[in-house]
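Every heavy atom of this structure was used, including side-chain atoms; hydrogens, water molecules and symmetry mates were not. Both ligands and their constituent atoms are indexed starting at 1 by order of listing.
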Amino acid sequence: MKHESGSISINTENIFPIIKKWLYSEKDIFIRELVSNASDAISKLKKLDAIGEADLPDDNRFEIKVIVNKNEKTIKVIDNGLGMTDEEVKKYINQIAFSGAVDFLEKYKDKSDDGQIIGHFGLGFYSAFMVSERVQIDTLSYQPGAAAVRWISDGGTEFEMQDSDIAERGTTITLYLAEDGLEFTDEYKMRTTLEKYFAFLPYELYLEDAVKVPEKADEAKSEEQEAASENAEPKKPEPLNDTQPLWLKNPKDCTEEEYKQFYTKVFHDFNEPLFWIHLNMDYPFNLKGILYFPKLKHEFETMEGQIKLYYNQVFVADNIKEVIPEFLLMLKGVLDCPDLPLNVSRSFLQNDGYVNKISTHITKKVADKLTSLFENERENYNKYWDDINPFVKYGCIREEKFYDRVKDILIYKSTKGGYTTLKDYLENNKEKHENKVFYVSNEKQQAQYIRLFNENGMEAVILSTMIDNHFMQLLESKMTGVRFNRIDADISDSMKNDNTGIAEADISYLEKLFKAAVDDDKLKVQVESLKNETVPAMILLSEQSRRMQEMSAMFGGMDMSHMFPKEQTLVLNSSNKLVKALTDMKEDETRKDQVKLISEHIYDLAMMSHQPLEPDAMAKFIERSNEILMKLV
Ligand SMILES: Nc1ncnc2c1ncn2[C@@H]1O[C@H](COP(=O)(O)OP(=O)(O)OP(=O)(O)O)[C@@H](O)[C@H]1O
C-alpha cells in the first residue's frame, strides 16, 4: 500500500492530555483494554470459523502474548485473532476507536468523582495513549489475500499508515512508552496487572520479558547433567490464566474439592469455606458465579468479604455495591455478568432495572440456599450459624425482601443448649412469659443470671454479636407485641416463691441499710423471696433504661445521664440466709460494723455479677474480702 497519512476527524484538538490526567490513578486499565480487544478479536474469528466464514488450520491454537522490553521501552500485545484490513483500520481505529474515546470523555468530563464509573469501561484502544508517546498497530486480516497494515500515531489527531512486515494473522499493538508508563516494563508489575484482570480470560495468555537475563549455567554441573539438560525438551511456558474457570462449569459436574481449591486460589484464604452457592443462569439474563460463605477467624470478627465482578471472564472491580446487594459484600465470591452495561456511571447502575433484577436474583438464591440447609441439613445449619449469623442478620436489616425470605429460618442459641427458632421459643415459654424473649448479651458476665434461669427451668437466647441490638429492634418492629428483655432486666414470677409474706418493717429496714451502705439515697431496693436460696442479691436494670443508656453512649461524648438516669434495682433475696441474718441483727447495736460489712459486700457481689466493678469499688471489695478472711483465722 502507498504510504498514507491523515488526520482523525474529531472536534477536540487534543483529548489525550485530558484523559491522561483524568485516569491517572488507574493507569493499568490500558492493559485491560488492549488485552480485552485481543480476546474479542479471537472470539470474533472463532465465530466466523463456526459459521464457515473463516478457514482456520487444523492445528490452530489461539493465544495472546504480552512482551515487555525495558531496553526498548516497549510493550507489545499480540493476538492471533481476526486482524484488520487497511479499510478496517481506517474504520475501526480512525473512526470508531477515536469517536468512542470522544464520546466517553463527553459523557464523563463533568463528573468530578472519577471513581464514578466502574473501571472506565468503554475507553477502549484509545487508552493506549495514557502511557505511550507513540502507538503502532501491525495487523494482518484473516481474509484471504489481505495485506499486512501498519498504523502509527503519536497521539493527537495525526496518524500514518503503511505496509507492515508481519507475516502471521492477527494484530500486534506496540506501545512506545512515555516516561510515566515505564513501570509496566517491569515483569512483576505486568504479571500482577495481567493476573488481576485476566486470571480467567478464555484464551491462553502469556507474558514474556524480552530482556530477562537468561538463567546462569550452573558451573558445578557434571557432564552428564549438562548432556541431560541439552537433550531435555525446552520447558513449555505456562499461560498466566485459567481459561475454564469453575463458575462456567455445570454445578452438577463440580466436585467439593474443586470448589474449595478455587476458593483458596482466588481468595488466598486457607480456611475452608463453610458452603457455597453456584449461580448458573442463562435466562432471562446471563449470570454466573460462585458465592462462598467464609469461616470467621475470630469470634468477634466482623465479616469482611470480597465479591469480584467479571465481565465475560475479565475482571472489572471488587465489591461494587451498585450491582451487588450490600450485605452480600460480607461474603466472598466471583460473579460474571456479561449483560451488565458497564460503560455507564455507577449511579445509573443503581437505578437500572436490569441490575435490580440481578440483585434480587442473587438475594433469592442466597435465601434459598439457607432455607435448603435449614430444611435438609439442620445439623450443619446449626453448626454454621455462629459464623453466618452476622451476615444473615445484617441482610435482614438491610433488605426487607431478604428478611421476608429467611424470617422463619432464623435460629437462636438457647441457654438450654442447642438452637431454637423464635416461634418455638415463644411457644415453649408462653406459660411463663408470653411474647417476651429473654436474651443473654454476654455469657460470661451474665453467668449468674443464666444459672438462675436454668435452675428455674427458664430459657433465654444468646444474642451476643455486635449487630444484635439492631437486629432485635428489627424483630420487635416486625413481630407486633414481642419484646426482647435482657436476662438481667427482670425477674420472672417463676423464680419467686409464692406467698412470701415479708414484713413491711423489714423491707424498709433493708432499704435504709443498703442505701446507707452504698451511700446512694436514690438506690432502688426491692425485696423478693427467690426460690434459689444461695443468692443474697442481684441487680436488675430495666430493658428500657438500658437501651436508653446504650443509645446515649452511642451518641458519644454527650452527657444525657440527666435524661436517662440509671434505673438499677437491687433485689434482695429474703429467702437467703445472709439477708435473713441482716434482718435478725437489726436491733443489735453491737453488731453494727458486721452488718455494714455484710451489706456492702452483698451489694458488690450483686454488682459484680451484673457488670465489671469500677476501679475504686474493686479496690474496696478486695480490701473487704481480705478483712472477712482474716475473721476466719
Ligand atoms: N486487537 C484487535 N484486533 C482486531 N480488531 C481490533 C483490535 N483492537 C481493536 N480492534 C478494532 O477496533 C475497534 C475499536 O476498539 P476500541 O477498543 O476502541 O472499542 P471497542 O472494543 O469496540 O469497545 P470498548 O470501548 O468497549 O473497548 C474494535 O471494535 C475492533 O473492531
>> Phe315 vs Tyr310, test: ring pair (Phe, Tyr, Trp, His ring centres under 6.0 Å). Steps then yes/no.
In response: CA-CA 4 Å; Phe315 174 72; Tyr310 291 81; 5.7 Å; yes
> With atoms numbered from 1 as shown, which atoms in ligand 1 lie under 4.0 angstrom from a non-hydrogen atom of Gly124?
Replying inline: 16 (P), 17 (O), 18 (O), 25 (O), 27 (O)
>> Using heavy-atom distances only, which candidate in Asn37, Ile42, Leu34, Leu82 approaches atom 15 (O) of ligand 1 most closely?
In response: Asn37
> Quick one: does Asp79 get an N or O within less than 3.5 Å of an N or O on ligand 1?
Replying inline: yes
> Which bit of Thr139 is near ligand 1, meaning a heavy atom under 4.0 Å away: side chain, backbone, both or neither?
Replying inline: neither
> Would you say Val406 and Val392 make side-chain contact, with heavy atoms under 4.5 Å?
Replying inline: yes
>> Applying salt bridge (Lys or Arg N to Asp or Glu O under 4.0 Å), can you list everything that pairs with Glu400, at least two apart in sequence or on another chain?
In response: Lys478
>> Give the atom numbers and elements of ligand 1 that come within less than 4.0 Å of a heavy atom of Tyr92.
In response: 11 (C), 12 (O), 13 (C), 14 (C), 31 (O)
>> Does the plane of the ring in Phe275 sit parallel, tilted or perpendicular to the ring in Phe293? Use 30° and 60° as the thresholds.
In response: parallel
> If you measure from atom 29 (O) of ligand 1 to every heavy atom of Glu33, Lys91, Lys44, which option wins on shortest distance?
Replying inline: Lys44
> With sequence neighbours left out, what residues match Asn37 under side-chain contact (heavy atoms from CB on, under 4.5 Å)?
Replying inline: Asp40, Phe125
>> Does this structure show an ion pair linking Arg61 with Glu204, if we count only N-O contacts that are shorter than 4.0 Å?
In response: yes
>> Using a 3.5 Å cut-off on N or O atoms only, is Phe125 in polar contact with ligand 1?
In response: yes
> Which atoms of ligand 1 are found less than 4.0 Å from any heavy atom of Ile93?
Replying inline: 12 (O)
